[in-house]
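Quick one: the structure is below, and I'll ask about it shortly.
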Amino acid sequence: MTVLEPQASFEVTDKGFYGRFGGAFIPEMLYPNVEELRRNYRAIMEDPTFQAEFRALLADYVGRPTPLFLAERLSNEVGATVYLKREDLCHTGAHKVNNTIGQILVAKRLNKKRIVAETGAGQHGVATATVCALMGLECVVYMGSIDMERQKPNVDRMRMLGATVVPATSGSQTLKDATNEAMRHWINNPVDTHYIIGSVVGPHPYPDMVARFQSVISEETRSQLLEKTGSENPNYVVACVGGGSNAAGAFFHYLHEPSVRLVAAEAAGLGVSSGHSAATTALGKPGVLHGSRTILMQTEDGQVTEPYSISAGLDYPGIGPLHAHLFDSGRGDFYAITDDEAIAAGFQLSKLEGIIPAIETAHALAALPKMGLQTSDVVVVCLSGRGDKDLATYAKYL
Amino acid sequence: MEAQAVATQADSALPTQNRITALFGRKHEGLLNVYFTAGFPNLDDTLTVLEGLEQAGADLVEIGMPYSDPVADGETIQQSNLQALNNGMTLRLLFEQLANCRSRVSVPILLMGYINPVLQFGVEEFCRQCQAVGVDGVILPDLPLDLYLDEYAPIFRQYGILNIFLITPQTSTERIRLIDEQSAGFIYMVSSASITGSVSGVSDEMLAYFDRINAMNLTNPRLIGFGIKDNETFRMASQYANGAIIGSAFIRLLQEKGTDQTQIKAFVEAVKGK
Ligand SMILES: Cc1ncc(COP(=O)(O)O)c(C=O)c1O
């Protein structure tokens with residue numbers, strides 16, 4: 001087993017670092033906004049009235065706790081005991097809403113009137129548009145124009161919820177470019193706008209704040225697993241990593257449990273060495289992207305590489321700084337899953353368990369046969385989202 | 001604060017020949033700093049534009065190091081960055097292009113860009129190359145003050161490279177004081193809360209901000225940037241600061257008219273009002 005660093009090493013520092021990753025590399029134009037958030041987020045989140053409101057919405061609006069489901073037929077197939085943490089059953093169909101509920105409540109306490117967000121698969125955009133409708137705030141979502149095509153149902157959902165969806169037409173026209181545009185929008189609207197980042201990326205305090213909002217996933221998993229197996233701890237927790245928010249939430253309360261291996265599935269696209277990939281830890285080097293020092297895919301000259309994945313939510317050239325640190329320190333195991341492997345795993349789960357997963361989530365499922373599982377192993381897979389939005393893509397393989 | 005633990009740029013013994021410091025020592029009004037992107041419109045245009053600007057009477061030049069994800073820049077500069085990268089521009093190549101520039105121009109030169117390419121190049125190697133080719137200062141918007149002071153200030157000082165900081169209408173008085181303390185050369189006053197090229201004209205709100213900063217009696221000179229595009233905006237900004245910075249409007253000229261020296265001269269003279 002890997003020798004672990006001291007406990008505190010997976011906690012974020014005051015300046016927002018996890019090991020050598022993190023920080024807030026932001027232009028001065030964003031400083032007042034980010035600083036306001038940094039000064040206030042912990043106090044707001046720890047305030048009992050905030051917690052009461054947040055918990056009530058998670059229960060009554062999102063539908064939490066989400067079930068922990070023993071997937072028996074899948075377990076037989078992979079030769080271990082596999083539980084699925086059913087984030088796909090959250091309102092709006094993915095874990096993303098845990099974070100947007102939290103952030104909209106923070107935004108309200110900071111007296112923000114408008115919300116800007118980026119989205120890849122559209123799940124975060126939908127979850128943001130949803131909470132903006134709920135709270136009556138104006139919502140602008142930037143989405144890469146390629147993603148607007150491949151995740152069309154989510155574009156329509158956002159519009160129906162009253163959000164303005166703006167295509168990001170620069171670069172590879174995917175998540176990275178949508179994030180650039182959302183940041184520019186925030187620079188241009190510095191006073192009354194809050195930027196709801198959709199993953200554990202961006203400048204400090206975003207990675208920590210988003211991880212804390214998503215940590216409800218592992219908080220519930222622990223008590224549910226205890227009830228079902230007599231132990232809070234599985235042998236493995238598996239999640240897909242785009243920016244890494246569902247993984248951060250699924251790992252959070254296990255970060256300091258050395259007996260629990262943390263497994264991250266990244267998108268290899270057409271293959272790690274194909275030139276069409278988004279397998280960040282396999283292909284990346286330390287650098288600065290979207291306000292934090294992390295691992296990112298880049299040229300020798302430090303230009304960010306355009307990533308590729310069949311999955312819009314994983315089509316991102318970086319990962320959150322927490323995950324860069326998990327990789328760097330050996331705390332996490334990272335697998336690169338190709339488009340084809342993910343699609344096959346999506347079909348497998350559909351047929352074995354009657355659950356159609358998001359293509360992002362299918363990457364996590366595809367890691368299972370690669371992990372060398374023993375029959376005695378207990379595995380929790382974070383089923384981050386449902387596959388309705390991906391039917392057009394899946395249908396090509398029918 | 002850690003800010004005090006580090007000697008300020010101004011305290012240290014900068015080589016007397018730093019051209020930015022020297023410039024502000026002898027000229028206090030109506031200074032024009034012109035931004036252009038390296039390797040744009042064509043890969044080999046960098047020196048042509050640099051020389052054109054010096055001959056046209058620009059007081060400083062700011063050479064953009066193209067980057068794939070320039071989040072503080074608007075569409076015009078984004079496009080120029082992209083075109084330069086497609087032309088094959090790199091930081092290494094920029095230093096090659098500038099290798100003998102000091103035999104041809106004496107105008108103070110700043111490099112402007114984003115931190116990631118500099119990190120990949122190596123911060124120390126970057127500063128060494130800046131010094132070697134005769135670059136006087138840099139502007140790296142996504143290297144904020146505290147991270148600069150924590151990690152990089154001694155390296156910049158060692159090579160005599162000035163790091164220019166930005167302030168915006170939202171920057172607090174306390175922070176402006178801190179930035180003033182840690183600055184040398186000049187302070188880059190972003191005229192409004194925005195990315196480059198997105199505002200035009202000078203609003204009452206901006207004037208109030210300019211007045212507020214003026215009243216602070218900062219120790220460093222100031223140049224106003226963002227939204228400066230012609231003689232009117234340049235003159236307006238110059239009334240409130242030591243001069244102004246023009247970027248997107250010049251990039252549009254290069255885009256439309258190429259690097260013809262008479263066009264560059266006409267542009268600069270029109271802005272300065274000669
Ligand atoms: C269902 C689902 N899972 C995972 C992701 C990837 O994001 P993250 O890595 O932040 O969980 C997305 C992103 O859109 C998603 O929609």
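Only heavy atoms go into these numbers, but all of them, side chains included; no hydrogens, no water, no symmetry mates. In what follows, chains carry the letters A, B, and so on, assigned in the order in which the sequence lines appear, proteins first and then strands, with residues in each chain numbered from 1.
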**Short N-O contact, A:Glu35 and B:Arg175, less than 4.0 angstrom** =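 Between B:Arg175 and A:Glu35 there is no salt bridge, as every charged N stays at least 4.0 Å from the carboxylate O atoms.
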**Message:** Check whether A:Asn180 reaches the backbone of B:Pro70 with its side chain - one donor and one acceptor, N or O, closer than 3.5 Å.
**Reply:**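 No.
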**Message:** What I want to check is whether the side chains of B:Asn116 and A:Gln298 have a donor and an acceptor closer together than 3.5 Å.
**Reply:**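 A pair is found: one side chain offers a donor N or O, the other an acceptor, under 3.5 Å apart.
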**Message:** Between B:Glu151 and A:Arg293 (salt bridge meaning N to carboxylate O under 4.0 Å), is one present in this structure?
**Reply:**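 A salt bridge links B:Glu151 with A:Arg293.
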**Asked** For B:Pro144 and A:Phe25, which heavy atoms make the closest approach, and how far apart are they?
**Response**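 Between these two residues, the closest heavy atoms are CD-CA, 3.9 Å.
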**Item:** A:Ser170, part contacting chain B, at a heavy-atom distance under 4.5 Å
**Value:**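 Only the side chain of A:Ser170 comes within 4.5 Å of chain B.
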**Residue A:Glu300 versus chain B: region with a heavy atom under 4.5 Å** =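 It is the backbone, since no side chain atom gets that close.
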**Part of B:Leu166 lying under 4.5 Å from any heavy atom of chain A** =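 When you check distances to chain A, atoms from both the backbone and side chain of B:Leu166 fall under 4.5 Å.
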**Item:** Side chains of A:Glu28 and B:Pro141 in contact at under 4.5 Å (non-hydrogen atoms)
**Value:**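 Contact flag for A:Glu28/B:Pro141 side chains = no.
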**Asked** With the threshold set at 4.0 Å, does a side-chain nitrogen-carboxylate oxygen contact exist between B:Asp69 and A:Lys176?
**Response**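 So B:Asp69 pairs with A:Lys176 through a salt bridge.
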**Request:** Side chain from CB out, backbone as N, CA, C, O: work out which of these in A:Leu30 comes under 4.5 Å of a heavy atom of chain B, or both, or neither.
**Result:**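 Neither part.
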**Asked** Which bit of B:Met65 is near chain A, if near means a heavy-atom gap under 4.5 Å: side chain, backbone, both or neither?
**Response**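 It is neither, since no heavy atom gets under 4.5 Å.
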**Asked** When you check the gap from the basic side-chain N to the acidic O, do B:Asp146 and A:Lys15 get nearer than 4.0 Å?
**Response**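 Result for this pair is no, no salt bridge flagged.
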**Prompt:** Just by distance, do the side chain of B:Ser68 and the backbone of A:Val304 share a donor-acceptor pair under 3.5 Å?
**Reply:**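 Flag set: sc B:Ser68 to bb A:Val304 pair under 3.5 Å.
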**Item:** Atom group of A:Pro286 that falls short of 4.5 Å from chain B, counting heavy atoms
**Value:**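 Answer is backbone: N, CA, C or O of A:Pro286 sit under 4.5 Å from chain B.
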**Asked** Based on non-hydrogen pairs under 4.5 Å, which of A:Pro203, A:Gly291, A:Gly23, A:Ala24 is most in contact with chain B?
**Response**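 Heavy-atom pairs under 4.5 Å are most numerous for A:Ala24.
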**Message:** For a 4.5 angstrom cut-off between non-hydrogen side-chain atoms, does B:Ile195 reach A:Asn188?
**Reply:**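 Contact flag for B:Ile195/A:Asn188 side chains = yes.
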**Item:** Side chain, backbone, both or neither of A:Met183 within contact of chain B (heavy atoms, under 4.5 Å)
**Value:**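 Side chain only.
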